[in-house]
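As structure tokens, the structure follows; a few thoughts come after it.
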Amino acid sequence: MKRVFSQCLKELNQFRRDRLTVALAFVLPLAVLLIYGFAIRLEAKNIPLAVQDFDNSFLSRTYVERLFATQQFVPTPLEGTTPTAALDRGDAKATVVIPPDFERRIKSHKPVTVQALIDGTDVNNARVIQNSLRATTQFFLRSSGLVPAQAASPIQPHLRIWFNPGRREALYIVPGIFGVILWVFPSMLASIALVREKEQGTIVQVYASDLSAVEWLLGKELAYVIVGLGEALVVMLVATLLFNLRFRGDPTTLIVGTVIYLGAAVAFGLLVGARAGNQTGAVQGTAIAGFLTALLLSGFIYRIENIPFPLSLVSNIIPARYFIDITRDAFVRGTGWIGVWYAPLAIALIGGFFFRVATRVLHRMQFKD
């Protein structure tokens, strides 16, 4: 173990002297946190909506006011005579056309057709607009007393949102960002450090020494786990200040899970570095195999249940998937070990596999006695 700690101190000293690497370790993760934390919004808001009101009556104007009172739509001027003009130019995502006999037919208890033209370029956004227009129309009819009493539903659901009653998107996005940041940057740092020794030729001294591949990699593993813990502390501290995150329940799940997750991330970086021939290849390997999978197949943005087969199987071996379960439990749900006991075990198994493969690769490269 003494040689492992000596290798660890050597790596930390080299890391400290390289200002570019220090910036890569702490400045870029904070930049990613700010960009993703403030830029990603999954709830559709401020949707441009154009209205063509041929009736211009009291009821039609009340209906239009009710549409914009949802705070989901913003009014967009309707230029031209055709309702599709705003859609064609991209100025509006939907156009509502109110017929000239809107008020008269409603007061006569006759059905009236209100046309809604929706831009289907973004399928999810179109579905949100469709559901919102339907719900707002039903609410308008009930609140205006235009629906007969017998038509009202006998069941009145009382809804309550658990864990996140304010529907704060930061509570969903920011804990997920931790999984991406703490996977990409520690693995990239470890990969670059290993490849740098190849390029400078200092790795030949390791091959010729009595230092085993396991001891050499353990020294690097320990060093960059320490660096990763520093990254995690800075990123989570800034996130709690900017996005008002708070621990929910037992914090030991997050502490233990973070250490194991960083160990798996560094092991993945060492594996990529052992295979890569230069720093460019190391960066590309960690970016493609690490960043894309952590972003798209971990449940950070898209639900894992929505990932099509066979990619859904790949998500089972993505450590970020399990760490995001830990962070969202720590900052949102607060169930503790009973809810995420499986996650550290899965991460440890995957990380152990990465480290084992990396040692086998470097063991074959050592000089024979």
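Since the model is a prediction, treat every value here as computed from it, not as a measurement.
Salt bridge status for Asp101 with Lys107: absent, with no side-chain N to carboxylate O gap under 4.0 Å. Look at Glu103 and Lys110 and you find no salt bridge, because none of the NZ, NE, NH1 or NH2 atoms lies under 4.0 Å from a carboxylate O. Salt-bridge check for Glu197 with Lys220: passed, with a basic side-chain N closer than 4.0 Å to an acidic carboxylate O.
Remark: side-chain polar atoms of Arg248 are not paired, donor with acceptor, to backbone N or O of Ala330 under 3.5 angstrom. With hydrogens and angles disregarded, a donor-acceptor distance shorter than 3.5 Å links the side chain of Asp329 to the backbone of Gly336. Remark: the backbone N or O of Asn316 is paired with a side-chain donor or acceptor of Tyr322 at under 3.5 angstrom. Remark: the backbone N or O of Arg321 is not paired with any side-chain donor or acceptor of Ser298 at under 3.5 angstrom. Under a 3.5 Å cut-off, the side chain of Arg328 and the backbone N or O of Tyr172 do form a donor-acceptor pair.
Closest heavy-atom contact between Val340 and Asp325: CG1-O, 3.7 Å. Listed here is the closest heavy atom pair of Ser187 and Phe268: CB-CD2, 3.9 Å. Shown here for Tyr261 and Ile347, the closest heavy-atom pair between the two residues is CA-CG2, 3.7 Å. The shortest non-hydrogen separation linking Ile350 to Ile318 is CD1-N, 4.4 Å. Closest approach of Gly281 and Ala276 over heavy atoms only: C-CB, 4.0 Å. Summarising the geometry of Glu11 relative to Ala193, their closest heavy-atom pair is OE1-CB, 4.1 Å, with the distance given to 0.1 Å.
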> ring-ring contact (aromatic ring centres under 6.0 Å, His included) between Phe331 and Phe247: does it pass, once the steps are laid out?
Replying inline: CA-CA 5 Å; Phe331 290 102; Phe247 280 115; 5.2 Å; yes
> Going through the checks in order, is the side chain to side chain contact (heavy atoms under 4.5 Å, CB included) test met by Phe102 and Leu59?
Replying inline: CA-CA 8 Å; Phe102 179 81; Leu59 274 182; 4.1 Å; yes
>> Assess the residue pair Asp55 and Arg105 against the criterion (salt bridge (charged side-chain N to carboxylate O under 4.0 Å, His left out)); give the C-alpha distance rounded to whole Å, side-chain angles, the decisive distance to 0.1 Å, and a yes or no.
In response: CA-CA 11 Å; Asp55 193 44; Arg105 294 185 67 88; over 6 Å; no
>> I'd like to know whether Val314 forms a side chain to side chain contact (heavy atoms under 4.5 Å, CB included) with Thr293, so could you lay out the CA-CA distance, the side-chain angles of the two residues, the decisive distance to 0.1 Å, and finally the verdict.
In response: CA-CA 9 Å; Val314 179; Thr293 54; 5.6 Å; no
>> For Lys93 and Asn125: C-alpha separation, side-chain torsions, deciding distance, then whether side chain to side chain contact (heavy atoms under 4.5 Å, CB included) applies.
In response: CA-CA 9 Å; Lys93 294 298 180 182; Asn125 199 45; 4.1 Å; yes
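Gln115 pairs in a side-chain contact (heavy atoms from CB on, under 4.5 Å) with only one of the listed residues (Thr95, Val96, Val97, Ile98), which is Val97. The side-chain contact (heavy atoms from CB on, under 4.5 Å) with Ile192 is formed by just one residue from the set Thr280, Val283, Asp18; it is Val283.
Using a 3.5 Å distance cut-off with no hydrogens or angles, the side chains of Asp91 and Thr76 do not pair a donor with an acceptor. Side-chain contact of Tyr63 with Thr137: a donor-acceptor pair under 3.5 Å is present, judged by distance alone.
Linking ILVMFWY side-chain heavy atoms closer than 4.5 Å, directly or via other members, places Leu33 and Val22 in a single hydrophobic cluster.
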